[in-house]
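On a predicted model such as this, the values are computed, not experimentally measured, just so you know.
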Amino acid sequence: MAQLSDNARGATMLSYLVLALLYLVRMMTDVSNPDYTLWSPFGWIEKLSVYDQNNWWPLFAMLVVSLVTIAVTFYAYAHRDVTAGLIATRSGRKRASVLLAGPFSLIFRLERTSFFVWMIGMFVLGVSYGSIFGTVGDIMKSNPAMAGLLGENAVNAANQTVILNFAALLSIVFVVLGTVPTMQIVLKLNGDERKGWLEQIHAKSISRLHLYCSYVVMALITGTLALLLGILGMYAAGQSVMDSPLPLSRFLRSFYGYLPALLVTVGIGAVLAGLLPRLQSISWIVPIYGFISLYLGELLGLPKWSLKLTPYGWINKVPLHNVQWNMTWEFLVLALVLFIIGFIFYRRRDMVEN
């Protein structure tokens, strides 16, 4: 992808696109015919049959594809122009659109491809998870005697509890994935400045507050919609497969509960971006640790206090339980304070240059 595009942003988005397509192929083939999972490298991992048949051919296939990809990469590198990509950059307009009248619209223009890819990807991911709610919830079908003993209402209640527990686990995935593009946009405030892309803006009478708020607002819109679309996709697919569908308001508990934690996490990134611009990447420790501790915490045997080391760990198990609104408002205030502190540090520091 780095040989196709002439900039890092384009190469990253092409990589995301290929990854999403391969994941969709794996997901669709799993549903239609598992034999066709060979069409995606993600399916090769399953074909290894570790601890069962121990097939070696997927490993050789991965090795061959890797060598071919590397050879094609060197060939493309040798035949493209310096600082250019194989895909020519489209010429822009002679005059800028009225939508490029300020920093925010410019940032949205630069991030729009990434924005739509993330939105579509999160919704599709939610649909893929929600589509198995019917299977996850049918815990009593394997034991008809128990189902007859408990009665239909009790069986439906038990199935819904299992689904909500599963949805609570998936909500962790959605909020962490929604944090990724949000954090990326906030940290690009320094990255774009270091690359010299903001020199034209700094040369104008545009305050640092205006520029900082433009990046932060774009990031918050991206994170909010990414989390919301992931949950809506899960709900929409679940409605079509569950015998006793749950109301949308129940699934939205995940959105109301985890959104403030997402904002606090990104607020920590904003503080580090302003205080330690050259070490801002350490802010990724927060979402990475949050995913490991909450998603794999019980499997790893982590103590309960260790879950509180990340903002996500303070959230109640939604949508299974009710939203803790007092915690929600406290986190919203904390996020606002962090963004303000981040701006204070950003305003007082020198410009970041290579």
Do [X] and [Y] sit in one hydrophobic cluster, given that two such residues count as connected whenever their side-chain heavy atoms are within less than 4.5 Å of each other, even indirectly?
X	Y	answer
Leu336	Leu209	no
Ile315	Ile288	yes
Val337	Leu263	yes
Ile45	Leu63	no
Val117	Val180	yes

Trace of the side-chain contact (heavy atoms from CB on, under 4.5 Å) decision for Val216 with Phe343 | CA-CA 10 Å; Val216 169; Phe343 169 70; over 6 Å; no
Of all residues at least two apart in sequence or in a different chain, which pass the ring pair (Phe, Tyr, Trp, His ring centres under 6.0 Å) check with Trp325?
->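 Result, ring pair (Phe, Tyr, Trp, His ring centres under 6.0 Å) vs Trp325: Tyr256.
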Does Tyr129 have any ring pair (Phe, Tyr, Trp, His ring centres under 6.0 Å) partners at least two apart in sequence or in another chain, and if so, which?
->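 Scan of Tyr129 (ring pair (Phe, Tyr, Trp, His ring centres under 6.0 Å), adjacent residues dropped) gives none.
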Rounded to the nearest 0.5 Å, what's the gap from [atom1] on [X] to [atom2] on [Y]? Could you check?
X	Y	atom1	atom2	answer
Glu193	Ile201	CD	CD1	10.5 Å
Ile285	Leu309	CD1	CG	12.0 Å
Met119	Ser114	CE	OG	8.0 Å
Ile185	Ser214	CD1	OG	12.0 Å
Leu276	Ile282	CG	CD1	6.0 Å
Met62	Leu67	CE	CG	13.5 Å

[Y] and [X], any side-chain heavy atoms less than 4.5 Å apart:
X	Y	answer
Ile341	Leu275	no
Leu252	Leu228	yes
Phe255	Val175	no
Arg348	Arg208	no
Ile206	Pro103	yes
Phe174	Leu125	yes
Leu338	Val264	yes
Leu48	Asn55	no

Relative to each other, are the rings of Phe108 and Phe104 parallel, tilted or perpendicular (30° and 60° limits)?
->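 Taking Phe104 first and then Phe108, their aromatic rings lie parallel (interplane angle under 30°).
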List in chain and number order the residues that pass side-chain contact (heavy atoms from CB on, under 4.5 Å) with [X], two or more places apart in sequence or in another chain; answer none if no residue qualifies.
X	result
Asn322	Arg253
Pro260	Thr328, Phe331, Leu332
Val286	Thr265, Ile268, Thr310, Pro311
Val64	Val68

For Trp56, look at atom CH2 and say whether over 12 heavy atoms of other residues, nucleotides or ligands are found less than 6.0 Å away.
->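 Open.
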Using a 3.5 Å distance criterion without hydrogens, assess whether the side chain of [X] forms a donor-acceptor pair with backbone atoms of [Y].
X	Y	result
Ser40	Thr37	no
Arg250	Leu320	yes
Thr224	Ile221	no
Trp314	Met327	no
Asn316	Gln324	no

Mind listing the closest non-hydrogen atom pair of [X] and [Y] along with its distance?
X	Y	value
Gln239	Leu246	OE1-O, 2.9 Å
Gln280	Asn190	OE1-ND2, 2.7 Å
Phe339	Ala270	CD2-CB, 3.8 Å
Val318	Gly257	CG2-CA, 4.5 Å
Phe123	Leu229	CD1-O, 3.5 Å
Met122	Ala226	CE-O, 3.4 Å

Could you list the residues that satisfy side-chain hydrogen bond (donor to acceptor under 3.5 Å, both in side chains) with Glu298, not counting sequence neighbours?
->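 side-chain hydrogen bond (donor to acceptor under 3.5 Å, both in side chains) list for Glu298, sorted by chain: empty.
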Residues which pass side-chain hydrogen bond (donor to acceptor under 3.5 Å, both in side chains) with Tyr215, listed by chain and number, not counting sequence neighbours =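 With neighbours one apart ignored, the set is Asp192.
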Stepwise side-chain contact (heavy atoms from CB on, under 4.5 Å) check, Leu232 with Leu248 = CA-CA 8 Å; Leu232 290 179; Leu248 176 60; 3.7 Å; yes
CA sep, side-chain torsions, deciding dist, call: Leu296, Leu302, side-chain contact (heavy atoms from CB on, under 4.5 Å) = CA-CA 9 Å; Leu296 303 174; Leu302 297 178; over 6 Å; no
Filter on side chain to side chain donor-acceptor pair (under 3.5 Å), then keep only pairs touching [range], sequence neighbours left out; what's left?
range	answer
residues 66-75	none
residues 171-187	Tyr16-Gln184, Ser171-Ser254, Thr179-Tyr312
residues 283-295	none

Met242 and Gln160: side-chain contact (heavy atoms from CB on, under 4.5 Å), yes or no, with the steps?
-> CA-CA 9 Å; Met242 288 190 295; Gln160 289 182 354; over 6 Å; no
Check step by step if salt bridge (charged side-chain N to carboxylate O under 4.0 Å, His left out) holds for Lys188 and Glu111.
-> CA-CA 11 Å; Lys188 282 181 180 178; Glu111 298 293 334; 2.9 Å; yes
Row check, Tyr212 ring normal vs Arg347 NZ/CZ: under 6.0 Å, within 45° |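 Pair Arg347/Tyr212 does not count as cation-pi.
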What pairs with Glu46 under salt bridge (charged side-chain N to carboxylate O under 4.0 Å, His left out), at least two apart in sequence or on another chain?
->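 With sequence neighbours excluded, Glu46 shows a salt bridge (charged side-chain N to carboxylate O under 4.0 Å, His left out) to Arg26, given in chain and number order.
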